[in-house]
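Working notes, structure below.
What you see is a predicted model; the values in this text were computed from it and never measured. Here is how names work: the chains are called A, B, and so on, in the same order as the sequence lines, proteins then strands, and each is numbered from 1. These values consider heavy atoms only, across backbone and side chains, with no hydrogens, waters or symmetry-generated copies.
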Amino acid sequence: MKYNFNEIEAKWQKFWKDNQTFRADNNSERPKFYVLDMFPYPSGAGLHVGHPLGYIASDIYARYMRHKGYNVLHPMGYDSFGLPAEQYAIQTGQHPAKTTEENIKTYRRQLDQIGFSFDWSREVRTSDPGYYKWTQWIFIQLYESYYCKDADAARPVQELVRVFEKEGNAKINAACDDEVFQFSANEWNQYSEAEKQKVLAFYRLTFLSDTEVNWCPALGTVLANDEIVNGLSERGGHPVVRKKMKQWSMRISAYAQRLLDGLEKLDWPQPLKDAQTNWIGRSEGASIKFKVLGKAGENEWIEVFTTRPDTIFGVSFMTLAPEHPLVQKITAAEYLDEVNAYINATSKRSERDRMSDVKTITGQFTGAYAEHPFTGKPVPIWIGDYVLAGYGTGAVMAVPCGDQRDYDFAKHFGIEIPNIFAGIDISEHACEDKNVSIANSDFISGYPAKKAVQLVIEELEKRKIGKGKINYRLRDAVFSRQRYWGEPFPVYYKGDLPQIIDSAYLPITLPEVEKYLPTEDGKPPLGNATHWAWDTMSNSVVQNNRIDQETVFPLELNTMPGWAGSSWYFNRYMDATNVADFAGNEALNYWKDVDLYIGGSEHATGHLLYSRFWQKFLFDKGLVPVDEYAKKLINQGMILGTSAFVYRIEGSNEFVSHGLISDKKVQALHVNVSLVNASNELDLEQFKNSRVEYKNAGFLLEGGKYYVGREVEKMSKSKYNVVSPDDICDAYGADTLRLYEMFLGPLEQAKPWNTAGITGVSSFIKKLWRLFFNEEHEFFVSDESPDKDELKTLHKTIKKVDQDIADFSFNTSVSSFMIAVNELIALQCNKRAILEPLTVLISPYAPHIAEELWHLLGHRESIATAAFPVYNEQYLVELVKNYPVSFNGKLRFTLELPLDLSVQEIEKEVLAHPKTQQILEGRSPKKIIIVPGKIVNIVG
RNA sequence: GCUCGGGUGGUGGAAAGGUAGACACGUUGGACUUAAAAUCCAAUGGGCAGAAAUGCCCGUGCGGGUUCAAGUCCCGCCCCGAGUACCA
């Protein structure tokens with residue numbers, strides 16, 4: 001019988017499907033284990049060989065845990081809202097739902113052919129109304145909540161209202177907008193409904209506000225900070241400008257400290273945790289108020305945040321961000337023109353300019369002064385764009401001797417630089433070292449800086465002009481997108497006040513539109529819908545009532561961003577078909593959290609932060625049982641493509657072979673890797689036919705051949721270096737693809753794909769197959785008991801593979817399989833007692849061939865779901881007990897010998913020792929390593 | 001600039017502080033073939049000596065250190081990659 005992988009793979013994939021082999025049960029005697037992949041966006045290009053890497057690893061782990069006796073949840077779905085489908089719709093008029101559906105079909109076919117053990121009965125799609133109903137529902141829960149700092153948890157806004165009614169907001173300790181002001185119960189009760197709503201928006205966890213946003217004119221939408229790369233949009237690379245817009249935001253900043261604290265208990269990669277820590281950016285310091293001097297600034301205070309309150313006596317000026325609200329108020333009449341000119345100039349500078357040009361120092365004096373809180377001296381107030389409006393208070397107290405930027409600014413504008421550090425020379429640059437003593441500083445002179453920080457904070461608090469403060473870099477997340485293909489908000493407007501549509505009427509589904517572009521008057525694409533508001537209103541707000549034009553209020557026309565649906569999907573899998581709840585309590589309490597999450601590190605400060613935020617919120621509301629949803633996380637590395645290049649002589653249609661370029665002026669052009677063989681030779685005929693302009697191209701050849709240049713790059717369609725898993729499965733089979741992807745290198749590392757190397761794994765699979773067949777190609781395994789060498793091979797493979805999977809070193813376990821098979825071939829071993837456990841051992845990696853062999857070995861049940869002894873520790877213990885074979889071929893023992901022996905004499909003694917003889921069993925050792933005085937190593 | 005990773009043969013990569021280069025690709029030679037593919041066998045870090053078996057020396061980015069023993073641990077550099085970016 002020949003190894004026919006196409007037949008075998010199709011057969012077992014069908015078997016799994018027919019028998020629903022991988023359906024997970026929400027009730028089980030067995031312990032649960034939840035293995036999750038980051039679900040993909042189904043793009044039109046389909047999968048390339050890089051995509052399944054993480055899925056293969058998680059699948060191996062899921063299958064392994066099933067063998068270990070766990071009830072495994074291993075689901076898959078699609079993050080199916082997104083920009084590409086929408087852009088395709090704009091170009092072609094094709095409804096995004098339709099292209100998405102088609103793309104999903106392709107993905108599903110590609111995933112199925114690799115033989116994943118997903119429980120497809122739990123599939124989710126974020127663009128499915130049955131799913132986004134609950135995304136909208138969670139949005140409503142956020143809207144109805146505020147963050148209580150005393151309880152350190154989200155609480156209903158209704159509680160807040162009750163307190164306001166009784167005692168105003170003086171005692172409220174909540175995460176809220178900076179603009180919030182103090183009011184009494186009396187004042188509150190006299191507010192109009194509109195005024196009350198405006199105040200409540202300062203507290204809600206999702207709220208509407210005028211936000212300075214990253215507006216991308218080319219895409220017609222707002223982008224989050226993590227969707228911008230170097231001042232350009234991540235998608236498409238279009239320029240991005242700052243603009244004020246009314247936007248929904250998520251008060252993620254309320255959770256900054258808990259998001260930080262939560263990291264400690266997570267088994268996540270350190271780089272990823274570091275990235276989140278830096279993104280949250282906690283810094284400890286003080287906020288200090290400076291009184292503005294002079295008439296213009298009467299009763300105005302400038303609040304600054306500083307991490308170095310100990311340097312307060314070194315302040316020689318202040319700098320405000322050009323956008324700071326006080327700038328207009330305090331600027332002296334004679335400086336007004338210059339200040340306005342400066343503000344104008346900086347607002348024109350795009351983010352990109354500002355970033356690429358950090359060195360240039362710009363600023364403008366306002367003519368105003370503030371009073372130093374301790375010395376009373378006037379401090380000049382400047383504006384400068386090195387101060388960011390978005391961080392802290394948008395104002396800094398400048399201490400040129402202690403901060404290099406302040407130092408540069410002072411030098412540039414000729415401002416004095418007082419020295420407040422004992423014995424430090426500041427003539428060249430500022431001293432940012434915290435391990436110094438403070439001098440010339442009144443009551444903190446002579447104290448070390450760290451102590452001085454405390455003293456200053458105490459003094460500030462005593463005088464009520466400042467306090468110790470912790471600041472976070474983490475900004476609230478903008479939650480509105482001017483797009484069609486996203487979740488609609490369950491919101492309509494009365495005037496400019498948002499109203500929530502009662503959750504009983506969810507989902508608010510997307511309307512049909514003629515065009516997917518923004519409307520001509522600049523409204524988001526949903527503005528193109530003609531009957532939407534009417535339909536939605538008649539369905540919900542005024543349901544069962546006759547409605548007329550007056551009761552049809554405008555709906556929110558923005559949609560939610562891509563990260564909305566992906567922020568809670570892991571909970572939905574637990575109970576994916578529940579129509580009454582986002583997931584039932586029983587299911588949530590059974591599965592609780594993800595035990596292993598595998599996905600790319602590019603989501604470090606996006607999805608992985610937002611989803612933690614939502615999970616904590618849901619936890620606060622008592623809706624989920626745990627406040628961190630993924631215990632362990634692994635980042636799989638990218639599989640890179642090996643691009644091929646042809647070199648065209650500039651200004652001609654002549655192509656030079658790679659070796660002949662020397663100093664010719666050439667232009668490197670990507671050429672499709674399928675036109676190049678393993679020796680880098682280009683197929684000239686196919687190349688000429690690949691494009692019209694190549695038809696009559698000339699070639700400078702090396703030995704009659706055209707050699708291409710190679711470079712390792714990200715795999716992408718535009719670089720013509722994409723390798724499709726379909727082709728690999730057709731040529732070598734899914735099991736070989738799975739093994740090879742693991743064999744390429746460590747899971748977490750980026751590594752280049754090289755199709756040529758697959759033959760090694762492919763021939764290994766064929767050899768494995770042949771172990772079970774005799775020379776007449778008939779299935780034949782013997783029932784003889786195994787000998788010592790055969791057992792040794794089996795034991796060491798079991799031990800190595802088991803350990804490797806636990807360490808996620810899948811690459812080395814593939815090597816162990818290869819060694820095992822080679823050794824068994826050399827031993828001519830065809831014994832059931834060896835081959836059967838080996839089949840189980842290999843089944844997570846190569847499930848199809850394992851099923852087939854298992855079947856041939858006479859088993860009727862699928863190998864995939866039963867708990868098997870090979871992966872059971874007890875089994876290992878028994879094996880070792882029965883056959884005490886050394887696993888690693890090395891054994892150490894202590895042997896006391898006289899010191900004056902020669903090396904040869906020691907060798908003799910060692911060889912003669914009974915323990916040595918026991919190990920060697922008559923064989924002679926390859927080498928004996930002797931280090932006089934201490935250690936003897938025998939390698940045999 | 002800061003924060004993380006990482007530098008090992010022609011290539012991908014293995015190595016509890018203990019035979020560096022497992023396993024594979026590639027290359028070379030051989031077997032089987034009319035031939036090719038496939039398959040199998042052998043060699044393959046560099047250098048020196050030898051007819052050969054074999055022996056010796058040098059080798060994990062660079063310079064130091066700890067240790068009987070360092071790719072691995074410590075200190076100081078250099079280079080590459082990723083993230084972040086005027087965060088007060």
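Evaluation of the salt bridge (charged side-chain N to carboxylate O under 4.0 Å, His left out) rule for A/R473 yields no partner, not counting sequence neighbours. Looking at residues two or more places apart in sequence or on another chain, you find a side-chain contact (heavy atoms from CB on, under 4.5 Å) between A/E303 and A/S287, A/K289, A/T393. With sequence neighbours excluded, the residues that form a salt bridge (charged side-chain N to carboxylate O under 4.0 Å, His left out) with A/K800 are A/D804. Checked against side-chain contact (heavy atoms from CB on, under 4.5 Å), A/V453 has the following partners two or more places apart in sequence or in another chain: A/P309, A/D310, A/I457. For the side-chain contact (heavy atoms from CB on, under 4.5 Å) test, residues two or more places apart in sequence or in another chain that qualify with A/F317 are A/T319, A/P380, A/W382, A/Y386, A/A398, A/P400, A/D406, A/F409, A/A410, A/I415. Legend: residues meeting ring-ring contact (aromatic ring centres under 6.0 Å, His included) with A/F773, ordered by chain and number and at least two apart, are A/W769, A/F779. Every residue two or more places apart in sequence or in another chain was checked for a ring-ring contact (aromatic ring centres under 6.0 Å, His included) with A/W268, and none qualifies. Under the side-chain contact (heavy atoms from CB on, under 4.5 Å) criterion, A/H324 pairs with A/L320, A/L326, A/V327, A/A395, sequence neighbours left out.
Applying the side chain to side chain donor-acceptor pair (under 3.5 Å) test to residues at least two apart or on different chains, the pairs with a partner in residues 747-758 of chain A are A/W753-A/T755.
Contacts of residues 398-410 of chain A with RNA chain B (heavy atom under 4.0 Å): A/R405.
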Quiz item: Based on Watson-Crick and G-U pairs with both distances under 3.5 Å, what dot-bracket line describes RNA chain B 5' to 3', crossing pairs as [ ] and inter-strand pairs as |?
Solution: (((((((..(((.....[....)))((((((.......))))))(((((....)))))..(((((..]....))))))))))))....
Under 3.5 Å, N/O pairs linking protein and nucleotides 24-33 of chain B:
unit_1, atom_1, unit_2, atom_2, d
B/A24, OP1, A/N822, ND2, 3.2

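Candidate nucleotides B/C86, B/A88, B/G13 were compared by shortest atom distance to the side chain of A/D385, and B/C86 ranks first.
Using a 4.0 Å heavy-atom cutoff across all strands shown, A/Q749 reaches sugar-phosphate atoms only and no base atom.
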